[in-house]
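All values derive from a computational prediction rather than experimental measurement. Heavy-atom basis, side chains included; hydrogens, waters and symmetry copies ignored.
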Amino acid sequence: ITWTVAEWLRGHVFTGFLWNPLGHVWAFATPLLQGAALVGVYGLGTLTFLVLAAPVAGWRATVVALAAVGVAGLAGEQTMTTTASAEDSTAERPMVRIVQPNVAQAEKGLPENSARQLAQLMELSRRPGFDKLAVVVWPEIAPSQVIGPGSPDLRVMAQAVPPGGYLLTGAARSDEARERGVWNSLLVIDANGAVLAHYDKVHLVPLGEYIPFHRQLTPLAGFIGRGSFEEGKSHLTIALPHLPGFSPIICYEAVFPSAVTGPGERPRWLLNVTNDGWFGTSSGPYQHLVSARMRAVEEGLPMIRAANTGMSAVIDAYGRILASLGMQQQGVIDHPLPPSRGATPYSRWGDGTLLALVVLLGVILLARTSPRIPDGHNSL
């Protein structure tokens, strides 16, 4: 119980940073991730802790724990097989192209490189098969320049819009004359270069994307870097003609359970745009990908993930990777949008299912530790 509470606090206190929680240890076996659809990654971590602690209670508890893992794996496999077979796999699904430009972090954002990098994005977007696409997806802040109303770059970016479709791109967005600041955003662009919709990142990285209390520190602006992104208002679902509604999440927003969709109608898929170039060739991008898979399982929704340097991926509603591009690779993924599942218990009730699990453990604990009245004695 203490472990669960501590991990939950790590995901919430001081804006939270739930990186690589205990439940991620099952990522090697997708069937064992399916419990997250019921209790989320926090609850999966709780159950994992019980399995790992079982040897302390003796060999019988260890056998029971191992048997429970086997049953959970079989149940997860059965869920994936049964539910997937019940879905309409014959329905026509929009074709999505994910673009992974693989721009080194040291090169990104340099003004002298912006035109070349934009041309590279255009070339990748318009490769053969372009006319069969419904959507082209670029990663987080793909164009290095700030995109504002009437920006001339919008006319160039419009050339990456497939016929009758959309370009979905991460970008630094400004309003008129940047009077109210700049946002880390997801833009929906049509063939005319018009921004049809946008999402502004809600959960910014402290000290990476904003300086805490930066407005109060305005006199010190010259000493605290290039400034801060503004915070978005809320998560949302974007609905577009001829495209199932989706909820965007930008970069590390994907690590937060029960915080990837907005109020109102349930989306049909999740879109994660990110730039994992900051991690280099470390384990970071792979851990970040596991977080994305967990959100797909919890919500019962497929995810399209576009990463600057990798790993870009198409993830189904069970957390399976259907297609991917590896680290430090340039290229595109063309794949039909996977189907969604029905709403999972966790997508309906969020951490309410975790609370129920913790309460159950508390009841068991109290029952095990309550003092017993010796035989032959009466209690007042």
How many angstroms lie between atom [atom1] of [X] and atom [atom2] of [Y], to the nearest 0.5 angstrom?
X: Ser228; Y: Asn184; atom1: OG; atom2: CG; answer: 12.5 Å
X: Leu186; Y: Arg173; atom1: CG; atom2: CZ; answer: 11.5 Å
X: Leu32; Y: Leu47; atom1: CG; atom2: CG; answer: 11.5 Å
X: Ser247; Y: Leu236; atom1: OG; atom2: CG; answer: 7.0 Å
X: Thr62; Y: Leu52; atom1: OG1; atom2: CG; answer: 11.0 Å
X: Ser144; Y: Glu112; atom1: OG; atom2: CD; answer: 9.5 Å

Check for me, please, whether [X] and [Y] land in the same ILVMFWY cluster - side-chain distances under 4.5 Å, paths through other members count.
X: Leu357; Y: Val51; answer: yes
X: Tyr42; Y: Phe49; answer: yes
X: Phe229; Y: Val202; answer: no
X: Trp8; Y: Val13; answer: yes
X: Leu322; Y: Ile98; answer: yes

If every non-hydrogen atom of [X] is compared with every non-hydrogen atom of [Y], which pair is closest and at what distance?
X: Gly16; Y: Phe256; result: O-CZ, 3.6 Å
X: His288; Y: Ala254; result: NE2-CB, 4.4 Å
X: Arg268; Y: Pro244; result: CB-CB, 3.6 Å
X: Leu167; Y: Ala160; result: CD2-CB, 4.3 Å
X: Leu118; Y: Pro143; result: CD1-CB, 4.5 Å
X: Gly310; Y: Pro285; result: O-CB, 4.0 Å

[X] versus [Y]: any side-chain heavy-atom pair under 4.5 Å?
X: Asp351; Y: Leu355; value: no
X: Leu18; Y: Arg10; value: yes
X: Met95; Y: Leu133; value: yes
X: Asp200; Y: Lys233; value: no
X: Met303; Y: Ile249; value: yes
X: Arg295; Y: Glu253; value: no
X: Glu7; Y: Val41; value: no
X: Asp175; Y: Trp183; value: yes

Distance-only, no hydrogens or angles: does the [X] side chain make a donor-acceptor pair with backbone N or O of [Y] under 3.5 Å?
X: Gln328; Y: Thr281; result: no
X: Lys108; Y: Ile141; result: yes
X: Arg93; Y: Pro338; result: no
X: Arg97; Y: Arg127; result: yes
X: Thr81; Y: Gln78; result: no
X: Asp316; Y: Tyr318; result: yes
X: Gln34; Y: Glu77; result: no
X: Gln117; Y: Glu107; result: yes
X: Gln330; Y: Pro101; result: yes
X: Thr353; Y: Gly350; result: yes

### Other residues, nucleotides, ligands: >12 heavy atoms within 6.0 Å of Phe14 CZ
no

### Query
How about Glu265: does its CD atom have over 12 heavy atoms from other parts shown lying under 6.0 Å from it?
no

### Task
Might you work through the side-chain contact (heavy atoms from CB on, under 4.5 Å) test for Ser291 and His24, ending with a clear yes or no?
CA-CA 8 Å; Ser291 290; His24 281 195; 3.2 Å; yes

### Task
Can you sort out the partners of Thr46 under side-chain hydrogen bond (donor to acceptor under 3.5 Å, both in side chains), two or more places apart, ordered by chain and number?
Thr4

### Message
Walk me through whether His235 and Tyr199 qualify under ring pair (Phe, Tyr, Trp, His ring centres under 6.0 Å).
### Response
CA-CA 8 Å; His235 290 282; Tyr199 162 73; 5.8 Å; yes

### Query
Looking at Ile189, Leu196, Leu187, which one forms a side-chain contact (heavy atoms from CB on, under 4.5 Å) with Tyr166?
Leu196

### Task
Have a look at Ile315 and tell me which of Leu289, Asn272, Leu270 forms a side-chain contact (heavy atoms from CB on, under 4.5 Å) with it.
Leu289

### Task
Using the side-chain hydrogen bond (donor to acceptor under 3.5 Å, both in side chains) rule, take Asp276 and Thr274 through it: C-alpha gap first, then chi angles, then the decisive distance, then the call.
CA-CA 6 Å; Asp276 288 355; Thr274 186; 2.9 Å; yes

### Stepwise ring pair (Phe, Tyr, Trp, His ring centres under 6.0 Å) check, His203 with Tyr252
CA-CA 8 Å; His203 209 136; Tyr252 102 131; 5.7 Å; yes

#### Entry: Chi angles and distances behind the side-chain contact (heavy atoms from CB on, under 4.5 Å) call for Leu240, Phe246
CA-CA 9 Å; Leu240 299 166; Phe246 67 95; 4.1 Å; yes

### Query
Once the angle between the rings of Phe279 and Trp19 is folded into 0 to 90°, is it parallel (under 30°), tilted (30 to 60°) or perpendicular (over 60°)?
tilted

### Verdict with reasoning, Ile364 to Arg368, per side-chain contact (heavy atoms from CB on, under 4.5 Å)
CA-CA 6 Å; Ile364 294 172; Arg368 297 277 299 176; 4.2 Å; yes

### Query
Between the side chains of Asn308 and Gln105, is a donor N or O closer than 3.5 angstrom to an acceptor N or O?
no

#### Entry: From CA spacing to verdict: side-chain contact (heavy atoms from CB on, under 4.5 Å), Leu154, Ile147
CA-CA 8 Å; Leu154 286 171; Ile147 305 299; 3.7 Å; yes

